[in-house]
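A short worksheet on the structure shown next.
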There are 4 protein chains.
Amino acid sequence: MIERENKKNSRTVQKEARPKEILSAALNVFESNGFAGTRLEEVAKFAGISKGTIYLYFDNKDELFKACVRETVGKPIAKTLESAINFEGSTEKLLHELAEKIGDTFSDPEYRSIFFLIVSEGKRFPKLVKFYFDEVITPSVSRLSNIIQRGVDRGDIKSSISEEDALLLLSPVIFINVWNRLFGNEKKINLKDTLHSHIDIWLDGMRPENK
Amino acid sequence: MIERENKKNSRTVQKEARPKEILSAALNVFESNGFAGTRLEEVAKFAGISKGTIYLYFDNKDELFKACVRETVGKPIAKTLESAINFEGSTEKLLHELAEKIGDTFSDPEYRSIFFLIVSEGKRFPKLVKFYFDEVITPSVSRLSNIIQRGVDRGDIKSSISEEDALLLLSPVIFINVWNRLFGNEKKINLKDTLHSHIDIWLDGMRPENK
Amino acid sequence: MIERENKKNSRTVQKEARPKEILSAALNVFESNGFAGTRLEEVAKFAGISKGTIYLYFDNKDELFKACVRETVGKPIAKTLESAINFEGSTEKLLHELAEKIGDTFSDPEYRSIFFLIVSEGKRFPKLVKFYFDEVITPSVSRLSNIIQRGVDRGDIKSSISEEDALLLLSPVIFINVWNRLFGNEKKINLKDTLHSHIDIWLDGMRPENK
Amino acid sequence: MIERENKKNSRTVQKEARPKEILSAALNVFESNGFAGTRLEEVAKFAGISKGTIYLYFDNKDELFKACVRETVGKPIAKTLESAINFEGSTEKLLHELAEKIGDTFSDPEYRSIFFLIVSEGKRFPKLVKFYFDEVITPSVSRLSNIIQRGVDRGDIKSSISEEDALLLLSPVIFINVWNRLFGNEKKINLKDTLHSHIDIWLDGMRPENK
DNA sequence: AATGAATGAGGATTCATTCAT
DNA sequence: GATGAATGAATCCTCATTCAT
């Protein structure tokens, strides 16, 4: 009885867990079938609940989809931002650290799913794209810019670098994810390894003495 | 009477043009709404015909979609292959030439549409993905490999290069297309310029004296 | 040139033959697929013409169907009526002659088709049923009644016979046709032989001394 | 609480009754309009439900049709089989008993509907025809044959009887049903009375002394 | 007269959403 | 809160009918 005040009974636990279970199931099915191709019945089956229950937690299919993205994207955002603090060591070290972070993020299948959903369904949900841009892309790019600016200041990177050149440092992340999704069966590319290798080449090519 | 043999009446001309008109409209709508989200009525409206007419030329929605991809992908395939012949000049020159070709290909909105449809709907049409891989990706990669191998042989590129490193030379193509599709409103990246710049950096980073 | 006046050129012949060709094809397809299940395109294919041509000769699907029935039913009607004249010989002889006539009529697949179309689609075309009843059934029954009445008068048939008993003399015609259509694959029944046998049994059972 | 185990709530009751309601409505409409001519919306209206509900219980129109036949045919099959046991009394008595049973069966409008659906749509559903032949026709014929063979053995029926002659004993059943369906408005024939009369005539005609 | 491309109303089927239990 | 039966709007697809050639 005393415990009751501090503990949530299983019903309550279940109740609070429901939305996350649904979102997880929904993400899964949305990713496989796209927005329009997803039947809520299948989402329900995946979540082990009935169709009607989804509507206790989400207004409709659209809202469910948006919630999927917002919810799943939250984690990596937090991770990105929190790690944005330490600025010690060489440019090389910082970039490889960043590569590790990004690699970790994309090693999460849920995050990959979100990424592809935004690519696939972005036209139907422009607000989500804006949200993603503001909350995920902009901070990440900003952080990358900081590292690079610091590299220029330290003399690690040539000063003629453009904003686009900096962005391209991360282009393998997109490329490899798209590649693996489509052609992973034929030939799978390792994201982290290849990204580290790419950074090395890029840094070599970016040395100030290269014009 | 003589003309009769060489002339097609307007009915025939119309009929022969129909499939292409329909495919063009379909590509447009599929690209905006995805496969499942596309209503054939809208395709018909776009093509300026009626619903039923689509079925005079295509068995069903699936076949229409496949035809879209196959038809549109044909052109770049041809372009890729035809240009595969000349091998003169420096590695740098060849790579920049390749960049131009790719840039031209992706400057065609139809081709970009196909690319995104394959990314978005690949799971539903694995055969199309395989087709795209075999007909578009493999020849392109093969051609890139030839240039790079030749570069290694000529001493332009360091010999420790991996297959993945070579592939990444093209990663900006994917990255920029995805970026522009999603965030083109916020900040548009120029494909050709950026790709050329990237190639220069990459070549500098790949010089044999860099380790 | 002289011949021209007496002869119809092939175009004209073809033109006059068209309606019959179409009706024959239509009957075939209607019989296989029923009214609603028949596509006019298939009728056209069967007739070796194009869909549109049907509409040069028939207003619409309904009229085509009715024409099928009326046209095909005409022949047996004529046959029935013309043969209704001779009344010589024993009742037995007359009945067996009638059996032969009916057997001949139903040996024509077109006539069987009509019969089944009327059974199957009668509810949709009550006027056709009425037409069939008036033009085919009533005269036939009337003729049968005449024979039987004459048989009663001659003392060949007992006088207690009812109208229904008389009708039943022909019940094997329907039974055997239905049977063969449905179960002909399993076991086919010969219409004429069995009908003759049935008449003999019936006549024996109908002798005045049987009560 | 105790009641709970024995009671079904109204929802459950409704759900369990649905298939039969739908089948009954469907049989009705199929019988009126044939398979192709039936709109599922009309079936739904007849059943007092909505279009979609049909699909909760039947996969598609074809399956609904088959279920109609199988379900409705079940009863008479059972009746036929159960009554196949008693073999006492004269041949005459047995045949008149059989006539009663058959008359009862066909007095059920649902059974008549099935019969006509099989005649009308048999070509489209050959498996149903086979099913009907095996489950309904064969047992009935077999039973009739037993009675007649016994009649021959007892000296009630002449031994020269053929299998077809025996079958014809039931030809009025088909004839009268077809007649009444088509021409019932003009002149309705009573199945049982006429069948009994027919049996008497047939038996008289079949006496051994008749040749 | 003949064609067959085009139309669009009509019907089968699906599935997001509601709501009685 | 949870269920899942029921709904009906939405969408694919067919085919009778029209009409320009």
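Given the structure is predicted, the values throughout are model-derived calculations rather than measurements. Here is the naming used below: chain letters follow the sequence lines, and residue numbers restart at 1 for every chain. Below, each value reflects all heavy atoms present in this structure, side chains not excepted, and no hydrogens, waters or symmetry copies.
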Non-hydrogen side-chain atoms of A:Asp59 and A:Leu64 separated by less than 4.5 Å = no

Atom CZ of C:Phe35 and atom P of F:dC15 are separated, to the nearest Å, by 14 Å

Per nearest nucleotide of DNA chain F, the residue lying toward the 5' end, D:Leu56 or B:Tyr55, is D:Leu56

Could you check whether A:Glu42 pairs with A:Lys45 (Lys NZ or Arg NE/NH1/NH2 to Asp/Glu carboxylate O, under 4.0 Å)? no

Between CD1 of C:Ile54 and P of F:dC15 the distance, given in whole Å, is 14 Å

In whole angstroms, the gap separating P of E:dA12 from CD of D:Glu63 amounts to 15 Å

Judged by nearest nucleotide, the residue sitting upstream toward the 5' end of DNA chain E, D:Thr38 or C:Gly48, is C:Gly48

To the nearest angstrom, the OH-C1' distance between B:Tyr57 and E:dT7 comes to 12 Å

B:Asp62 atom CG is separated from F:dC13 atom C1', nearest whole Å, by 13 Å

Worksheet item: With the threshold set at 4.0 Å, does a side-chain nitrogen-carboxylate oxygen contact exist between C:Glu31 and D:Lys123?
Response: yes

Worksheet item: Are any of the side-chain nitrogens in D:Arg18 or D:Glu21 under 4.0 Å away from the carboxylate oxygens of its partner?
Response: yes

Candidate pair B:Leu117 and B:Leu128, rule side-chain contact (heavy atoms from CB on, under 4.5 Å), full reasoning
CA-CA 10 Å; B:Leu117 279 182; B:Leu128 279 187; over 6 Å; no

Does E:dG8 have OP1 or OP2 under 4.0 Å away from a side-chain N or O of B:Ser50?
no

inquiry  = Counting only heavy atoms not in B:Phe46 (residues, nucleotides, ligands), do more than 12 fall under 6.0 Å from its CZ?
reply    = no

Between NZ of D:Lys45 and C1' of E:dG11 the distance, given in whole Å, is 14 Å

Charged tip of C:Arg181 within 45° of C:Phe116 ring normal and under 6.0 Å
yes

Walking DNA chain F from its 5' end, the first of C:Glu41 and B:Lys51 to be reached, judged by nearest nucleotide, is B:Lys51

Rounded to whole Å, the CZ-C1' distance (B:Arg39 to E:dC15) equals 16 Å

Parsed dot-bracket for DNA chain E after applying the Watson-Crick and G-U rules with both distances under 3.5 Å and | for other-strand partners is .||||||||||||||||||||

C:Lys61 atom NZ is separated from F:dC15 atom P, nearest whole Å, by 9 Å

